[in-house]
Amino acid sequence: MLGLTDFIQNLVAGVSVGLTYGLMGLGVVFLWQSINRINFANISSAMLSVYLFFLFHTWLGLSMLLSAVLAIVLVAVYGLGLRYLLYEPITKRGGARLEFVVATLMLTVFWLTLIIAMFGGMPRRFPPLFGDATQFVRFFGVGVRAIYFYMIVVVAVLMTLLHVILRKTLMGKMLRATAQSKETAQLMGINVNLTANLAFVMSTTVVGVAGLLLGPIYFVSPVLGGGAIGIKGFAAAVMGGLVDPYGAILGGVVLGALENFSTLFISSAYRDVISFAVIAVVLVWKPTGIFNWTSKKE
Amino acid sequence: MKLLSIENISATYGGIHALRAVNLHVDSGEVVSVLGPNGAGKSTLLRVISGLVKPEPGGVVSFHGRSLIGVEPYKIARQGIAHVPEGRQIFPDLSVDENLEVAGVRIDAGKRKTKTAEVYELFTELATRKKQIAGSLSGGEQQMLAIGRALVSDCELIMIDEPSMGLAPVIVMRIFTTLRDIMESKGLTLLIVEQNARLSLQLSDRVYVLSQGEITLDGPVDLIKEDEEMRELYFATEK
Amino acid sequence: MQVLLETKGLTKQFGGIIANKNINLTVNKGTTTGLIGPNGSGKTTLINQVSGELPATSGRTFFKGEDITGYSANKIARSGIGRTFQRIRLFHRLTVVENVLVARRHFFSANVLDIVLNTRRNRREEREQLEHAMTLLQRLGIESEAGKLPTALPYGKRRALEIARALALEPELLLLDEPAAGMAKEEYADIVRIMERLKEQGITMLLVEHTMEFIRRVVDWVYVLNFGEVISQGVFGDVEQDENVIKAYLGGDETL
Amino acid sequence: MRKRLKLVMILVFLGAVLYYPLMEENEYRLFVMNRGLIHAILASGLVFLTGFAGQISLGQAGFYAIGAYTSAILSTSYGVPIPLSIIVGVIFSVVAGLVVSVPSFNLKAFFLSLVTIAFGLIVHRLIVNLQPLTGGTNGFFGIPPMRWAGSMFTSNMHYYLFLGILAATVVSMYHIKRSYLGRAMFAINDDETAAESCGISARKAKVFAFAFSGALAGLAGALYAHFAGFLTPEPFVFFESSRFVGMAVVGGLRHLWGGVIGGIGLTLLPETLRLPYAGWENYYLLLASTITILFVVFLPRGLGDLASKALDRLWKVEGATKTLKDATVVDDSEAGADDASLT
């Protein structure tokens, strides 16, 4: 039988991992809202940030914090690169969504093969950015793995920050206005070039952060850039109808919890199948998302 | 003094020749109406001015004597041209306050505040709904918000595309009286595109009639004050 | 006179906005009926409801006495209602004659195997339907454009092609959404000629149009919509004198 | 004169294609070529689905896997004769195609791509997890090879078989494209609303497109199973699906020969890059994905389009009616042929 403590521990584990899926979902939401595209290359942003962090810390000997910051900054710049080296040239040549999908998918394959060619397929130790991964923090008598604690804290801070940016600053409001109607935003004098850049940068950055958070669990390994984890980000985003950032986070949490309990009760072998089934079922049953409070009109 | 000047502008929109060699100008402090039935090219005209539609080469669109052709729409807006688009196009998921705020990106925060306060004074209906999501407003309130956005931007020229569309007569009256008040108190320059001729004529100094993409008539308002002529305009006889 | 199309209390609501309210409309066989009204009065919505593109919120549509409410657009098309669109919609990757052939789909009986093996039956049917399509193009005066892509046609001929495609269904009712919009003068004259010829051939039409001169020339009966409601109907000569109609277009007598 | 040149060129091309395996001394190269032919069959199915009907599938490896494992399991574990097991494999993937087509009824292409990804991943996980049936990650071995007159297929026989099937695929697609079915698919691709107004059921057209492309992927999979002799879940991962779409795009989505060019081209290319230099093994796939990206970015219409334009210039078709910017999208012979058959 499952005791209360076990239940809580599993719940916390599921929810915290789910939060990182939610972050990846945010990456999907930001881009979908601003340019109506899904960027499959963003699947690899999580892997890129982890390997960059590893590279800076282990190879160049920089401090962990500095390495993490540098990795995130580079991933943010990578977002800009995606816009100017991929999105713009394709759009300029009259390429539609499909061309963008194929190009970004191929870019994911590119990064994956590059990482495997350079570092090999075997996982490497993730530098203890969040302290000892095996340590426990005690809350009301329940031991929670420190890493989960960090995940919750980091995502909470990040979400608060995003909330403030989107709701309280002029830049955030401009971003939301552009998402609702690019044309009208232009008529208001909003520089839509700038808001698009911001969307690209934000979308890769959140996924980069998610990568660092997942590092202690998946180690420095190409698994982070493989299909499965990225797809969970999509599943989270789909639950928010691809337009609701809060919906994406909640979607990720539900997905994470679902996964964790299915590992517990069914089998870990079918864990991933659940996320994939969620995507299919939600999209077929309610394509506008089940956690969608943003009333995007068709 | 010519504020806005359009010479020999032609434009195609979806394969249709929406505008054919149109000449038009708006002087500072003037109210100009462009009348014409649906599909005459009125909206396209405004879209050309605000940069959303590219005209065919060879024409001139200038504001303060500076050419607007090829300038990005947001830069045109920042030069002081506010376009209140057809169907209002408020940002439905932004609050009333936020809608007004993003319209004032070309001015500093302090000025934006005074301008916003002025709008709330004009449209008291909006003042009570500051935090409400704009998508939940009624059609008339949305139109007020759309005009309010133009006012907040502290522009020199406001272009309004069919403010009466889809609105009940009482609301249309309300909108037009407010427009008149604004003009009297602030001396704004206005370019109105309308189908509802009777009201917009009462507001205007000069009028252009657009039919099938061409200006068929232009001059001072008295020119077509006669109701019969307006009827002909819409229920046109000769081709 | 025989009633071909009848709507009873047709209503369409988009979220909180009511586009159409309780529309009762009758189209008699062999007549041409016009729908006019200011911008945003719900004319296109009504056409789209009849053609099945938009499901009605409430109300029913009857065609040849049969209740076609809720039928899919393709089923309605096959039951004998052809249509054109406000902004011309052609298949730009298919040639002009192929555009027409698309609407001949249900005059083929060849199955997949016939097609893959290109049997004699398939070849014969293709030939027959091609001839039929060419005759239609000829009727609309665009047979010399058969092998071109629609993007190569001038605007007026694109409209003619769209009408030819609708006629390929051998429809009993033709819905035309602003057939003369955006036409240059010569093109306009062509389209009026086409409409007059269709009338002579006894084709029933329901059309939305803004050019009043066009309405005057081709329409037998006209409905005026404003705010999604029918505010007047009758022959055009009467309707254009109706104060309500004038008010809808020009505005009321209010002074500022 | 031009006509004779065309004929000569076609004959030379045909001769080269038929003669190739006889002069190929490198067994490995022939093996790669055979895989290229299999990929060409599969990529043709994607050209059909995406280029013709405008639907997207990023889960094509799923259909490929269903065909492969069905035929492998039936023939190995249950002793079903190979031709029959292949047919059942195809039927299974057609059924899967029918199921996957359902979401396409009301999902825009984009959301659909997510559903198809999910489908591909689920199939992959099932293969990994249903170990007793599929061998899981250890692989499925001992699949009987195809036989002719009692002896096992040689590489050359495989080549001619695959080539024949590929040719039949292209011919079928050609006929479908020129039929009411093809027109219906092009129509829903261009404008679904307008197609419906012409009496075309968009649903039926989509179901057909998914079934047909599923059949080709399943067939390719079944052929691969008996050709390779063993199966692992590896070739059926998510990224393989994107490689297949990449093949179709590089070949030219809207071109009849797109799948053939892309399928063979993108299979041979990385292998060619692999051979000459030692130490390149790790990087040849990198180059392959780079090349695909460059193609998509700089030549979104694909190689097939480029080739057909070049050939056109070669025989300088007089009075070619499709000179407009969209001329690339329809097969060039078509318009002329229609005109000709009328007069």
Side-chain angles (χ1 to χ4, degrees), chain A residues 28 32 36-38 40-41 43 85-90 92-114 116-118 120 226-228 230-231 234-235 237-238 242 267 269-285 287, chain D residues 50-51 54 56 58 100 102-103 105-126 128-131 136 237-243 245-246 248-250 253 281-301 325:
Chain A
V28 179
W32 176 259
N36 255 261
R37 294 283 191 282
I38 285 184
F40 285 97
I43 293 176
L85 299 178
L86 219 58
Y87 173 68
E88 294 293 343
I90 290 176
K92 209 182 344 182
R93 284 184 182 70
R97 290 175 172 178
L98 182 74
E99 281 79 12
F100 189 66
V101 165
V102 174
T104 53
L105 272 172
M106 282 299 134
L107 194 57
T108 308
V109 176
F110 173 86
W111 288 121
L112 203 61
T113 27
L114 182 71
I116 293 175
M118 283 177 65
I231 295 301
F234 287 123
V238 158
L242 292 190
S267 138
Y270 287 97
R271 194 186 61 184
D272 291 345
V273 174
I274 289 185
S275 324
F276 311 148
V278 162
I279 294 192
V281 170
V282 171
L283 279 177
V284 173
W285 170 54
Chain D
T50 310
I56 192 169
L58 295 178
V100 175
V102 173
F105 293 167
N106 41 23
L107 284 183
K108 275 181 238 146
F110 221 28
F111 288 75
L112 185 63
S113 68
L114 290 179
V115 178
T116 53
I117 286 178
F119 163 74
L121 286 166
I122 288 172
V123 172
H124 181 255
R125 285 298 190 275
L126 288 179
V128 171
N129 291 328
L130 295 174
Q131 203 168 6
V237 295
F238 164 55
F239 288 118
E240 282 303 300
S241 292
S242 34
R243 265 190 69 204
V245 179
V249 171
V250 168
L253 270 181
E281 292 86 38
N282 292 330
Y283 295 94
Y284 78 102
L285 275 174
L286 212 60
L287 225 61
S289 51
T290 312
I291 287 167
T292 312
I293 295 171
L294 291 177
F295 263 112
V296 176
V297 174
F298 293 105
L299 197 68
R301 298 261 192 209
K325 56 179 180 210

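Any value given below was found using the heavy atoms of this structure, including those in side chains, with hydrogens, waters and symmetry copies removed. In what follows, chains are A, B, ... by sequence order, proteins preceding strands, each numbered from 1.
Using a 4.5 Å cut-off between heavy atoms, A:Val281 makes no contact with chain D at all. Looking at A:Phe234, only its side chain comes within 4.5 Å of chain D, counting heavy atoms on both sides. Both the backbone and the side chain of D:Ile122 come within contact range of chain A, each with at least one heavy atom under 4.5 Å from a heavy atom of that chain. For D:Thr50, the part lying under 4.5 angstrom from a heavy atom of chain A is the side chain only. Contact annotation for A:Val238: only side-chain heavy atoms (C-beta onward) come within less than 4.5 Å of a heavy atom of chain D. Heavy-atom distances place the side chain of A:Ile231, and not its backbone, under 4.5 Å from chain D. Residue D:Phe298 touches chain A through both its backbone and its side chain, counting heavy-atom pairs closer than 4.5 Å. Of the two parts of D:Val297, the backbone and the side chain both hold a non-hydrogen atom closer than 4.5 Å to a non-hydrogen atom of chain A. Neither the backbone nor the side chain of D:Leu294 comes within contact range of chain A; no heavy atoms are under 4.5 Å apart.
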- Item | Derivation of the side-chain contact (heavy atoms from CB on, under 4.5 Å) call for D:His124 and D:Phe238 | CA-CA 8 Å; D:His124 181 255; D:Phe238 164 55; over 6 Å; no
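Contact detail for D:Gly246 and A:Met106: the closest heavy-atom pair is CA-CE, 4.4 Å. For the residue pair D:Thr116 and D:Ser113, the shortest heavy atom distance occurs at OG1-O, 2.8 Å. Taking every heavy atom of both residues into account, D:Ile293 and A:Ala103 meet most closely at CG1-O, 3.9 Å.
Comparing A:Ile116, A:Leu86, A:Leu85, A:Leu242 by how many heavy-atom pairs each has under 4.5 Å with chain D, the most go to A:Leu242.
In summary, the aromatic rings of A:Phe100 and A:Phe40 are positioned with their centroids too far apart to meet the 6.0 Å limit.
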